[in-house]
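Values in this document were obtained by computation on a predicted structure and should not be read as measured data.
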Amino acid sequence: MQTKMKAVGAAVVAALLISTSSAPAVSQQAYPADTVTMIVPYAAGGAGDIVGRLVADELSRRLGVNVVVENIGGASGTIGAEQASRAPADGSTLLLAGNAIFTTAPHLADVGFEPFEDFVAIANISEAVRMLVASKSLPVTTVEEFVAYGKEHPGELNYGSVGVGSTGHVATVDMLSAMGLEATHIPYKGAADVVQAVLAGDVQFMMDAAAVPQARQDTVTALAVPGGEQLPEFPDVPALASVGYNSISGTGWQMIMGPAGMPAEVVSRVETALKDASADAKFIDKLTKAGVSPRFMGSAELDAALRADFERFDEILTGLGLAK
């Protein structure tokens with residue numbers, strides 16, 4: 001009996017030693033925060049908000065933490081971004097951002113942060129292709145009719161966007177310049193608000209990814225896609241370049257950023273989780289149903305792409321007379 005008790009005691013001690021020796025490995029894998037706030041700098045209902053919530057669910061599951069979405073809209077997303085830039089750089093705060101926050105907005109106004117000094121790029125998740133659509137109340141069905149109407153009714157057209165400096169706003173200004181048209185810009189806090197304004201006829205047109213689901217439902221008049229490529233889903237909707245108007249493509253990215261100074265291993269953990277999610281067929285299906293196209297870019301690739309677009313939009317906005 002004594003021998004048996006010694007054997008049991010030895011087994012317990014051995015188990016404790018194994019548990020103790022493995023504890024550091026487990027702690028190294030633990031995410032540094034139990035709860036993570038993901039700031040979405042837009043109002044609820046738009047593509048960015050929807051993608052943000054999908055990403056929050058994925059990160060919650062893959063990192064084993066509670067990821068909570070906080071909507072902080074306004075000023076084309078820069079208000080929420082500024083708040084994120086001042087958050088502790090310990091992984092407890094992430095930002096779901098559109099690329100315009102970093103590539104166009106800083107050229108137009110003081111946004112309260114430095115794009116490449118106050119943030120670290122973690123990963124890009126998806127991209128949303130914008131569409132030019134008109135309110136059903138506007139008596140046009142083609143780009144040609146839209147241009148003709150604008151020239152026959154100078155100063156009568158107005159359009160909505162998610163804010164000054166947003167990619168949709170800049171792409172629209174570029175398009176109007178190419179068409180020789182003038183229209184009044186009305187900024188809204190979120191894409192869902194712009195959609196409602198178009199549906200109500202409060203604004204006559206918009207250029208945003210949020211317009212695509214409305215085009216599917218035929219609640220708006222689909223006129224064109226900015227840039228040079230059509231959307232396969234809409235074979236009868238031309239690319240602007242194909243009808244004589246070279247324009248900015250207007251593609252919007254949905255990406256995850258963090259405050260500068262985040263430990264490299266924390267950035268890597270989030271990047272890896274998002275990379276794994278981007279290879280998951282169920283997550284891809286969710287993104288597609290949300291109206292965006294999956295497009296993963298890792299930290300280094302995303303950082304390089306943002307810096308290149310920052311320089312490109314500096315030239316574009318200066319040329320359009322919009323740069324500060």
Side-chain angles (χ1 to χ4, degrees), residues 40 42-55 57 71 73 96 98 100 125-147 149-150 157-163 166-169 171-172 175 183 185-227 229-240 242-243 245 247 249-254 282-295:
V40 173
Y42 312 107
D49 176 60
I50 294 171
V51 172
R53 293 177 187 278
L54 292 176
V55 171
D57 288 343
N71 293 92
L96 184 287
I125 306 302
S126 57
E127 63 181 5
V129 179
R130 289 167 170 77
M131 178 180 284
L132 171 66
V133 303
S135 169
K136 287 289 188 178
S137 63
L138 194 69
V140 302
T141 57
T142 66
V143 173
E144 291 79 7
E145 290 178 356
F146 174 77
V147 174
Y149 183 92
L157 290 175
N158 52 39
Y159 66 96
S161 85
V162 296
S166 64
T167 310
H169 171 229
T172 303
M175 177 196 74
H185 176 223
I186 301 177
Y188 291 83
K189 286 187 175 181
D193 297 329
V194 186
V195 168
Q196 289 304 313
V198 173
L199 294 177
D202 295 333
V203 298
Q204 282 74 54
F205 66 100
M206 66 182 291
M207 187 187 291
D208 197 281
V212 176
Q214 301 302 320
R216 291 192 186 108
Q217 298 171 30
D218 195 33
T219 55
V220 295
T221 303
L223 296 177
V225 176
E229 296 184 12
Q230 286 180 269
L231 289 177
E233 184 183 353
F234 298 92
D236 297 327
V237 179
L240 278 174
S242 70
V243 289
Y245 302 105
S247 68
S249 65
T251 300
W253 299 340
Q254 293 81 41
K282 291 183 179 179
F283 182 61
I284 292 172
D285 183 58
K286 290 176 182 177
L287 290 176
T288 303
K289 288 179 178 177
V292 299
S293 301
R295 184 188 177 187

Next on the checklist: Can you list everything that forms a side chain to side chain donor-acceptor pair (under 3.5 Å) with E233? Sequence neighbours excluded, please.
Outcome noted: R216

Next on the checklist: Using side-chain heavy atoms (C-beta onward) and a distance below 4.5 Å, is V198 in contact with Y159?
Outcome noted: no

Next on the checklist: Quick check: closest heavy atoms across D208 and A191, and the distance to 0.1 Å?
Outcome noted: OD1-CB, 3.9 Å

Checklist entry - From E229 CD over to S242 OG, what is the distance, rounded to the nearest 0.5 angstrom? => result 11.5 Å

Checklist entry - Just checking, is any N or O donor in the side chain of E127 or S293 under 3.5 Å from an acceptor N or O on the other one? => result no

Next on the checklist: My understanding is that only residues two or more places apart in sequence, or in another chain, count here; which of them pass side chain to side chain donor-acceptor pair (under 3.5 Å) with T219?
Outcome noted: Q214

Checklist entry - Who pairs with D285 by salt bridge (Lys or Arg N to Asp or Glu O under 4.0 Å), at least two apart in sequence or on another chain? => result K289

Checklist entry - What's the shortest heavy-atom distance between V162 and V194, and which atoms? => result N-CG2, 4.2 Å

Checklist entry - Can any side-chain N or O of Q230 pair as donor or acceptor with the backbone N or O of V237 at less than 3.5 Å? => result yes

Checklist entry - Would you say M206 and T172 make side-chain contact, with heavy atoms under 4.5 Å? => result no

Item to check | Shortest non-hydrogen contact between N71 and Y42, atoms and distance | outcome: ND2-O, 2.9 Å

Checklist entry - Yes or no on side-chain contact (heavy atoms from CB on, under 4.5 Å) for F205 and V140, after CA distance, side-chain angles and deciding distance? => result CA-CA 11 Å; F205 66 100; V140 302; over 6 Å; no

Item to check | Passing option when L138 is tested against T221, V220, L157 for side-chain contact (heavy atoms from CB on, under 4.5 Å) | outcome: L157

Checklist entry - If you measure from OG on S166 to NE2 on H185, what distance do you get to the nearest 0.5 Å? => result 6.0 Å

Item to check | Inter-residue atom distance T141.OG1 - K136.NZ, 0.5 Å rounding | outcome: 9.5 Å

Checklist entry - Within a strict 4.5 Å, meaning less than it, do heavy atoms of the W253 and T167 side chains meet? => result no

Item to check | pair V203-Y188: side-chain heavy atoms closer than 4.5 Å | outcome: yes

Next on the checklist: Between Y245 and V143, is there a side-chain heavy-atom distance shorter than 4.5 Å?
Outcome noted: yes

Next on the checklist: Within the 4.5 Å heavy-atom criterion, are L287 and L54 side-chain neighbours or not?
Outcome noted: yes

Item to check | Closest non-hydrogen atom pair, S137 against G201 | outcome: OG-CA, 4.0 Å

Item to check | Smallest separation among heavy atoms of P226 and R130, with atom names | outcome: CD-O, 3.1 Å

Next on the checklist: Main chain of N158, side chain of Q204: is a donor-acceptor contact present, judged purely on distance under 3.5 Å?
Outcome noted: yes

Checklist entry - Which heavy-atom pair separates A222 from V133 by the least distance, and what is that distance? => result CA-CG1, 4.0 Å

